[in-house]
Amino acid sequence: MSHPSDGTDRPGSSSLDQGNVGEQRTSFSDFDISTLKGDAPEAAEGEGSPTVGAAGASNGGQKPQVGSDEWHKVRRDNHKEVERRRRETINEGITELAKIVPGCEKNKGSILARAVQFITQLKENETQNIEKWTLEKMLTEQAIAELSSSCDKLKNECQRAWAECEQWKTAAQKAGVTIDGSDKLPSGEQTE
């Protein structure tokens with residue numbers, strides 16, 4: 001397939017120039033927009049190639065060619081670094097568990113086993129506490145309802161007794177008997 005103006009092949013051919021002198025692409029997926037802007041010194045040679053580490057720096061910042069020994073070395077190094085970080089994260093988590101969980105030994109297996117046991121125990125305790133608190137709440141609400149009912153009954157009884165007292169007071173005043181609040185009752189208590 002040829003371009004009408006320059007007679008060269010279209011993308012997919014190895015002779016297509018995308019803007020940098022001497023730089024050639026093999027497919028559109030290899031194209032990097034930063035090459036048009038002039039930001040990147042060199043574009044990647046292959047899709048999915050690993051990031052350039054210390055080995056790529058000797059190369060002038062250019063990524064190694066896909067499939068080369070250097071490319072495989074960079075991939076191995078990157079994989080080793082990822083695995084090292086993963087192990088560090090796991091070890092830090094296990095160390096934190098050992099600090100939180102009581103009665104842990106030093107080895108990782110026993111720390112994890114004790115953590116599982118401790119978490120299971122906490123969940124069981126939580127379930128028991130929820131049941132206990134639910135029962136206590138029901139009993140408390142029942143006691144409050146009973147006390148409230150008793151209080152209402154006593155309040156009604158007091159109001160009835162007060163009304164009866166007022167009736168006796170009125171009847172006594174009509175009969176000509178005066179009631180002095182400072183008089184002592186037979187039991188020795190004073191009336192209010």
Side-chain angles (χ1 to χ4, degrees), residues 11-12 14 16 18-20 23-155:
S14 60
L16 181 64
Q18 294 290 338
N20 286 351
E23 185 179 339
Q24 299 193 352
R25 307 263 183 237
T26 57
S27 71
F28 188 71
S29 63
D30 294 336
F31 180 74
D32 185 7
I33 191 74
S34 62
T35 58
L36 290 177
K37 297 177 182 174
D39 293 341
E42 289 291 327
E45 281 298 317
E47 182 178 2
S49 53
T51 58
V52 177
S58 64
N59 216 345
Q62 188 176 11
K63 293 182 182 179
Q65 186 175 6
V66 175
S68 69
D69 289 340
E70 186 178 357
W71 181 82
H72 284 292
K73 180 183 183 310
V74 169
R75 274 193 76 178
R76 268 193 313 273
D77 292 344
N78 287 345
H79 178 70
K80 286 178 185 177
E81 179 64 21
V82 167
E83 282 298 309
R84 184 187 63 78
R85 284 193 212 126
R86 185 184 68 81
R87 285 191 308 271
E88 283 179 359
T89 303
I90 291 170
N91 288 338
E92 288 171 3
I94 290 173
T95 302
E96 288 300 313
L97 273 176
K99 291 178 186 175
I100 295 170
V101 178
C104 285
E105 296 176 17
K106 291 291 183 185
N107 67 47
K108 295 175 189 176
S110 65
I111 291 171
L112 291 174
R114 180 65 184 121
V116 168
Q117 181 184 13
F118 185 67
I119 291 169
T120 304
Q121 181 182 0
L122 288 176
K123 288 180 86 172
E124 289 172 1
N125 289 348
E126 180 186 31
T127 303
Q128 290 173 357
N129 286 337
I130 288 172
E131 290 173 1
K132 182 176 95 174
W133 294 331
T134 304
L135 179 61
E136 286 177 358
K137 181 181 176 190
M138 286 178 15
L139 292 174
T140 303
E141 288 173 351
Q142 183 180 1
I144 288 172
E146 289 174 3
L147 288 172
S148 179
S149 175
S150 295
C151 184
D152 289 341
K153 286 179 183 175
L154 288 173
K155 190 176 183 182

For residues 118-134, dump all side-chain donor-acceptor pairs below 3.5 Å to protein atoms at least two apart in sequence or in another chain.
| from | atom 1 | to | atom 2 | distance (Å) |
| --- | --- | --- | --- | --- |
| T120 | OG1 | V116 | O | 2.7 |
| T127 | OG1 | K123 | O | 2.9 |
| N129 | ND2 | N125 | O | 3.3 |
| T134 | OG1 | I130 | O | 2.6 |

What distance do L139 atom CG and I144 atom CD1 have between them, rounded to the nearest 0.5 Å? 11.0 Å
Lys/Arg N to Asp/Glu carboxylate O, E83 vs K80, below 4.0 Å: no
Residues, nucleotides or ligands: over 12 heavy atoms within 6.0 Å of H72 NE2: yes
Would you say that L97 contacts L112 through its side chain, given a criterion of any heavy-atom pair below 4.5 Å between the two side chains? yes
Once you round to the nearest 0.5 Å, how far does CD of E88 lie from OG1 of T95? 11.0 Å
Report yes if the side chains of E96 and E92 come closer than 4.5 Å at any heavy-atom pair, otherwise no. no
Which donor-acceptor pairs under 3.5 Å do side chains of residues 102-109 form with protein atoms, sequence neighbours excluded?
| from | atom 1 | to | atom 2 | distance (Å) |
| --- | --- | --- | --- | --- |
| N107 | OD1 | S110 | N | 2.7 |
| N107 | OD1 | S110 | OG | 2.6 |
| K108 | NZ | N91 | OD1 | 2.7 |

To the nearest 0.5 Å, tell me how far Q142 CD sits from L147 CG. 10.5 Å
Considering only NZ, NE, NH1 and NH2 on the basic side and carboxylate oxygens on the acidic side, decide whether D77 and K73 come within less than 4.0 Å. yes
